[in-house]
Amino acid sequence: MAISVNLSAIITALGGRHAIQQLLNVGPSAISNYLTRGHLPERAKPIIYAALTKKGYQIRADDLEILAGPPATSSQPLHSDTHFGKRILLIVAGGIAAYKALETARQLQQLGAHVTGVMTDGAKQFITPLSLAALTGEKCYDSLFSLTDEAEMGHIRLARSADLVLVVPATANFMARANAGIADDLATTILLATTAKVAMAPAMNPAMWAHVATKHNFASLRQRGVHMIGPVSGDTACGEEGEGRMCEPADIAAAAMQLITPQNIPNAKDHAKSPLAGKRIIVTSGPTIEPIDKVRFIANRSSGKQGHAIAASLASRGADVILISGPVNEPAPDQVTMVQVTTANEMLAACKAALPADIAICAAAVADWRVQSVSDQKLKKPEDPDAGMMLALCQNPDILAHISSASNRPKLVIGFAAETENLLQNATKKRQRKGCDWIIANQVGGDADPVFGSALNQAMLISANGVDEWPQMQKTDLAETLADHIEAELTR
Ligand code: CTP
């Protein structure tokens, strides 16, 4: 299979045709063919993705489109019209916390960002476009249908001109509209049109925050890759106390800048101090898919959310993460080397190739069996509707057990145990049987909380030292909790 790409841009970014030839281990005529057809072979995708990511480019995973250049260490600006570093489109929605958007704009500018304001009609009830324009030194955009703006800068161009679209405050109404994909004003249209990262700082009354509809919108936006900054607990602007208070402008600005320039943030967490910085970590994620014939397959249920969240968390703390994943819909996290595989055998081969490593975390739901002989044609059903069908299966290699017993075994090997019954007992046995150091055990298959595909997870960490039970939490929070435990282990 081939994928359509903008190969000229990739060649320039990688330093020329010779560099890409070496990377793909092909001759000059292959590159000419790829250029003529505008296609790359599918196998080249993870290799090129990894090489561009290593160079600091932000890449869209599905078609390798270069979204932003490497952090500005070179003299070449990322955007020809940018003199002040990264460009942030600051969308202000209509809530009492809107006044804090002004302070957020100031903080962002102090961190070197170039801020352009966009306001909803609701926001204008709280602050004026003039105050934001005066502060940013830029026109503040507020109307989708202003002909002047369309002539000067169409809303699509405005949406694409940013490195980050940041919504401060993200009200319950704004999150609902964004989640539904409604585009009935400039701000929501930008959200649909942008290819940049999107971050939101929710702010609302605690009861509105606790409402199931808001929770759903928040989780769904987050699943789609929107970065959520807060909210936190405390006094809210409406005079009540509880969760729903917007993060402080300085924290929002630091978190926003970290999303686009992790290395250059004075206020951001200094990951060089994390014991994970520079550690080489293998993470497996997603399902494996084992073909039966040309169209059918056997697979385990897995969205890849948990494994990808773990990879993202470790990478954000400075680890050198190789994420080896089966087919999933999750976007590749920033700053990880992504290796895409399909079958268990391919996953094992990729893990062996990635060793030696300091740590391995096997979060993949590897299919336990594969078909002994895969048909190269679509298998036909027997004419008799009552006739059964026998498939001879053989066991797949146990990747976690292989890594645990490898001669170049990582110092810390962590597995998962997804169990439908006797969680603690089965997971403890699994830890011993597979020879890993820790098992993260979670109950699956319950009707009330399916885990698979959900943003939530509840788990316990089982090690030689005992059991640590964790409360139910977002998969992204579970990833952070695991990363905290690994950091603690490395400093023991
Ligand atoms: N695992 C693996 N290779 C396999 C099967 C599982 O690396 N062939 C890893 C998973 O990534 C996970 C752990 O082993 O970290 C446990 O996976 P799980 O599916 O719970 O266990 P199984 O080995 O399949 O055992 P069982 O089906 O008996 O529960």
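None of these values were measured; they are calculated from a predicted model. Whatever order the structure lists ligands and atoms in, that order sets their numbers, starting from 1. For the numbers below, each heavy atom of this structure counts, side chains included, while hydrogens, waters and symmetry mates do not.
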K.L.:
Who's the nearest protein heavy-atom neighbour of atom 15 (O) of ligand 1, and how far?
P.N.:
Cys362 O, 2.6 Å
K.L.:
Is any side-chain N of the basic residue among Asp163 and Lys197 closer than 4.0 Å to the acidic one's carboxylate O?
P.N.:
no
K.L.:
Would you mind finding which of Arg370, Arg431, Met347, Lys430 brings a heavy atom closest to atom 20 (O) of ligand 1?
P.N.:
Lys430
K.L.:
What I want to check is whether the side chains of Ser303 and Glu330 have a donor and an acceptor closer together than 3.5 Å.
P.N.:
no
K.L.:
What atoms of ligand 1 come closer than 4.0 angstrom to any heavy atom of Ala418?
P.N.:
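In order of numbering, the contacting atoms are 20 (O).
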K.L.:
Would a distance-only check, ignoring hydrogens and angles, find a side-chain to backbone donor-acceptor pair under 3.5 Å from Thr288 to Ala367?
P.N.:
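Yes, Thr288 side chain to Ala367 backbone: donor-acceptor pair under 3.5 Å.
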K.L.:
Just jot down the ligand 1 atoms closer than 4.0 angstrom to any heavy atom of Leu400, in number order.
P.N.:
2 (C), 7 (O), 9 (C), 13 (C), 14 (O), 15 (O)
K.L.:
Suppose we measure from atom 14 (O) of ligand 1 to each protein heavy atom; which comes out shortest, and what is that distance?
P.N.:
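Closest protein heavy atom to atom 14 (O) of ligand 1: Lys434 NZ, 2.9 Å.
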K.L.:
So, using side chain to side chain donor-acceptor pair (under 3.5 Å) as the criterion, who are the partners of Glu65 when residues are at least two apart?
P.N.:
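With neighbours one apart ignored, the set is Arg60.
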K.L.:
Roughly how far apart are Met200 CE and Leu166 CG, rounded to 0.5 Å?
P.N.:
10.0 Å
K.L.:
For a quick test of reading the model, state the closest non-hydrogen atom pair linking Asn345 to Pro397 and the distance between them.
P.N.:
OD1-CG, 3.3 Å
K.L.:
Is there a polar contact between ligand 1 and Pro397, counting only N or O atoms under 3.5 Å apart?
P.N.:
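Looking only at distances, the answer is yes, because the N/O contact criterion of under 3.5 Å is met.
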K.L.:
Measure the distance from atom 12 (C) of ligand 1 to every protein heavy atom, then report the residue, atom name and distance (to 0.1 Å) of the closest one.
P.N.:
Phe416 O, 3.1 Å
K.L.:
Is it true that Glu480 and Lys475 have a side-chain N and a carboxylate O under 4.0 angstrom from each other?
P.N.:
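No, this pair does not count.
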K.L.:
State if Ala344 counts as touching ligand 1 under the rule of any non-hydrogen atom under 4.0 Å.
P.N.:
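Not so, Ala344 does not reach ligand 1.
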K.L.:
Can you list the atoms of ligand 1 that are under 4.0 Å from a heavy atom of Gly415?
P.N.:
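Contacts of ligand 1 toward Gly415, numbered from 1: 15 (O).
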K.L.:
Touching ligand 1 at all, Arg433? Heavy atoms, strictly under 4.0 Å?
P.N.:
yes
K.L.:
Using a 3.5 Å cut-off on N or O atoms only, is Asn396 in polar contact with ligand 1?
P.N.:
no
K.L.:
Tell me: protein heavy atom nearest atom 4 (C) of ligand 1, and distance?
P.N.:
Val366 CB, 3.5 Å
K.L.:
May I ask you to identify the nearest protein heavy atom to atom 11 (O) of ligand 1, giving residue, atom name and distance to one decimal place in Å?
P.N.:
Ala364 O, 2.6 Å
K.L.:
Using the ring of each side chain (for Trp, its six-membered ring), is Trp438 parallel, tilted or perpendicular to His485, with breaks at 30° and 60°?
P.N.:
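It falls in the perpendicular class, over 60°.
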K.L.:
Using a 6.0 Å cut-off, check whether atom CD of Gln432 has over 12 heavy atoms from anything other than its own residue.
P.N.:
yes
K.L.:
Residue-level breakdown please: for Asp368 versus ligand 1, do any non-hydrogen atoms fall below 4.0 Å on the side chain, on the backbone, on both, or on neither?
P.N.:
side chain
K.L.:
Which residue and non-hydrogen atom of the protein lie closest to atom 3 (N) of ligand 1, and at what distance in Å?
P.N.:
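Here the closest protein heavy atom is Ile399 N, 3.0 Å.
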K.L.:
Nearest 0.5 Å, please: how far is CG in Asp293 from CD in Gln377?
P.N.:
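The CD atom of Gln377 sits 9.0 Å away from the CG atom of Asp293.
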